[in-house]
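Accompanying notes for the structure given below.
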Amino acid sequence: MAKNSSILREYWSGKSVLITGASSGLGWALTEALAPYGVTFGLLSRREEKMQELADSLKHTDSTFWIRGCDIRDREAVFAAVNDFHEHAGRIDVAWANSGISAPSSFKKWDWELIDACLKTNLYGTMHTVKACLNHMVPRKQGTIVGIGSMASVRGLPTRGVYSLTKISIQYLLESLSAELPFIQFTTIHPGFVDTPIIASNKNAFWVVPADRAADLMLHAVARKKAVYIFPFRMRMLYHIIRLLPQKLFTGGMRKFFRRAEKPELSETEKQAITSTN
Ligand SMILES: NC(=O)c1ccc[n+]([C@@H]2O[C@H](COP(=O)([O-])OP(=O)(O)OC[C@H]3O[C@@H](n4cnc5c(N)ncnc54)[C@H](OP(=O)(O)O)[C@@H]3O)[C@@H](O)[C@H]2O)c1
């Protein structure tokens, strides 16, 4: 069980929690971290067998697991899954809209199929989950919605424009709903780099946080009812600094970074040419 668990116990014990993207990474780590608190889980993602593997590994805990293979891009499937989970659990206390994918979107590598999948998963998938769960929470005037943004939402990052926009839009969506529904808790979390499959091929990742540590930080942030939470601490500081940079300074810095990242590897002939002239 996580350190400093009294806050966690008070907030999470006996809750009914729906998590999307529980088959991997952050969703998996969250489920593991919450399992000691006797939670009624509703786990959603496409890979049912992975979620079953996770539930089997947590059989010894007081929690129970309801699992549904579901593509969150499919609105009808999400609404049906959420309604079925609600019927099973009797209520939904927390909805954790975590499913997401990354997609590069530079001018040179513009892949419509991938971009479409990114918008539909991150943006529509989150909206489907949030709206379907709010339908059950609002009549009770009670519940918590957690949306997963990203450090990449800080501003428009080179080659990550589409991913950045899906992630900042999650914060805007929850912020907007929180004005209308003051009795619901809305928390947007912007993780820095967490050691999960989504960053496996990212050579620029830094200050990488282990997934179990990330789960612990996020569960505390929700229990403390934060509206927006950025982690780790160093990333939070960097996020606020970058947000404050005047446009010219930000764009200049990003252009330098982009040119460096884009610098082509020298071909063998070019390397030989340099060696022979030296
Ligand atoms: N790791 C990081 O450094 C980092 C940083 C910032 C933000 N994030 C965000 O954190 C969230 C979780 O990512 P992760 O790091 O845990 O990556 P991950 O290990 O790749 O997990 C992504 C999860 O999303 C689910 N998913 C993807 N497409 C889906 C779809 N169409 N329908 C249902 N579920 C879908 C996947 O499940 P199936 O494949 O089984 O469907 C998987 O469980 C994402 O929103 C990501 O953008 C991660």
Side-chain angles (χ1 to χ4, degrees), residues 18-33 41-55 67-82 95-104 113-130 132 146-154 157 160 162-171 173-174 187-215 217-218 221 228-232 235-236 238-239:
L18 182 120
I19 302 178
T20 68
S23 60
S24 174
L26 285 176
W28 182 291
L30 277 167
T31 308
E32 281 188 327
F41 283 102
L43 306 181
L44 252 64
S45 84
R46 290 165 303 181
R47 285 171 293 167
E48 209 170 330
E49 70 291 351
K50 293 301 288 179
M51 295 184 289
Q52 193 54 57
E53 185 188 322
L54 173 62
I67 291 166
R68 173 69 58 89
C70 173
D71 187 330
I72 57 155
R73 294 172 292 184
D74 180 342
R75 190 188 313 155
E76 276 180 26
V78 175
F79 273 69
V82 167
W96 199 300
N98 163 74
S99 284
I101 61 166
S102 178
E113 214 172 302
L114 204 53
I115 285 167
D116 207 35
C118 184
L119 288 166
K120 285 188 177 149
T121 307
N122 300 6
L123 195 48
Y124 276 87
T126 299
M127 288 195 281
H128 297 156
T129 311
V130 168
V146 185
I148 297 299
S150 166
M151 171 67 188
S153 70
V154 63
L157 298 183
R160 284 285 175 276
V162 172
Y163 182 70
S164 292
L165 81 83
T166 64
K167 291 306 190 176
I168 196 59
S169 63
I170 290 169
Q171 180 180 330
L173 174 73
L174 300 197
T187 300
T188 303
I189 299 178
H190 294 302
F193 294 106
V194 181
D195 190 8
T196 72
I198 210 173
I199 65 156
S201 59
N202 187 343
K203 290 184 202 120
N204 297 316
F206 56 97
W207 300 340
V208 178
V209 180
D212 57 344
R213 172 79 184 131
L217 290 171
M218 293 192 292
V228 178
Y229 179 65
I230 304 156
F231 74 92
M235 204 56 107
R236 178 151 72 243
L238 186 61
Y239 193 99

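Hydrogens, waters and symmetry mates are skipped; everything else that's a heavy atom, side chains included, is used. Note that ligands are numbered from 1 as they come in the structure, with each ligand's atoms numbered from 1 the same way.
- For ligand 1, the atoms closer than 4.0 angstrom to any heavy atom of I101 are 27 (C), 28 (N).
- Heavy atoms of Y163 approach ligand 1 to within less than 4.0 angstrom.
- Below 4.0 Å from some heavy atom of I148 lie the following atoms of ligand 1, by number and element: 9 (C), 10 (O), 11 (C).
- The nearest heavy-atom contact from the protein to atom 14 (P) of ligand 1 is T196 OG1, 3.5 Å.
- Shortest contact from atom 28 (N) of ligand 1 to any protein heavy atom: R46 NH2, 3.2 Å.
- The protein heavy-atom contact nearest to atom 23 (C) of ligand 1 is G21 CA, 3.9 Å.
- The closest side-chain heavy-atom distance from W96 to I189 is below 4.5 Å.
- With sequence neighbours left out, D71 forms a side-chain hydrogen bond (donor to acceptor under 3.5 Å, both in side chains) with R73.
- Proximity of L18 to T129: side-chain heavy atoms (C-beta onward) are separated by under 4.5 Å at one or more points.
- If you check which protein heavy atom lies closest to atom 25 (C) of ligand 1, you get S99 OG, 3.5 Å.
- For the pair C70 and ligand 1, a heavy-atom separation below 4.0 Å is found.
- Annotation: S150 places no N or O atom under 3.5 Å from an N or O atom of ligand 1; distance criterion only.
- Within the structure, ligand 1 has K167 among the residues with a heavy atom less than 4.0 angstrom away.
- Heavy-atom minimum distance, F206 versus N204: CD2-O, 3.3 Å.
- Between the choices S24, G192, S23, the shortest heavy-atom distance to atom 36 (C) of ligand 1 belongs to S23.
- Protein heavy atom closest to atom 31 (N) of ligand 1, with residue, atom name and distance, is D71 OD1, 2.9 Å.
- Between G149 and ligand 1 there is a heavy-atom distance shorter than 4.0 Å.
- Residue F193 has at least one heavy-atom neighbour below 4.0 Å for each of these atoms of ligand 1: 3 (O).
- The distance criterion of under 3.5 Å between nitrogen or oxygen atoms is not met by M151 with respect to ligand 1.
- In this structure a side-chain-to-backbone donor-acceptor pair under 3.5 Å is missing from T121 to G100.
- Nearest heavy-atom pair, S153 versus Y239, reported as atom, atom and distance to 0.1 Å: OG-OH, 2.8 Å.
- Between G21 and N98, the shortest heavy-atom distance links the atoms O-ND2, 3.1 Å.
- Annotation for ligand 1: atoms under 4.0 Å from non-hydrogen atoms of I199 are 2 (C), 3 (O).
- Those atoms of ligand 1 that come under 4.0 Å of a heavy atom in G25, given as number and element, are 16 (O), 19 (O).
- Counting heavy atoms from C-beta outward, P104 and R160 have side chains that approach closer than 4.5 Å.
- Scanning all protein heavy atoms for the shortest distance to atom 11 (C) of ligand 1 gives N98 O, 3.0 Å.
- If you check which protein heavy atom lies closest to atom 32 (N) of ligand 1, you get I72 N, 2.9 Å.
- With sequence neighbours left out, the side-chain contact (heavy atoms from CB on, under 4.5 Å) criterion links T31 to I19, A22, F41, L43, L54, L58, F65.
- Counting heavy atoms from C-beta outward, V162 and L119 have side chains that approach closer than 4.5 Å.
- Annotation: atom 17 (O) of ligand 1 to nearest protein heavy atom, I198 CB, 3.4 Å.
- Annotation: side chain of V194 is in contact with side chain of F231 (closest heavy-atom distance under 4.5 Å).
- Nearest heavy-atom pair across T196 and A211 is CG2-CB, 4.4 Å.
- Using a 4.0 Å cutoff on heavy atoms, R73 counts as a contact of ligand 1.
- The environment of Y124 atom OH is sparse: at most 12 non-hydrogen atoms of other residues, nucleotides or ligands sit within 6.0 angstrom.
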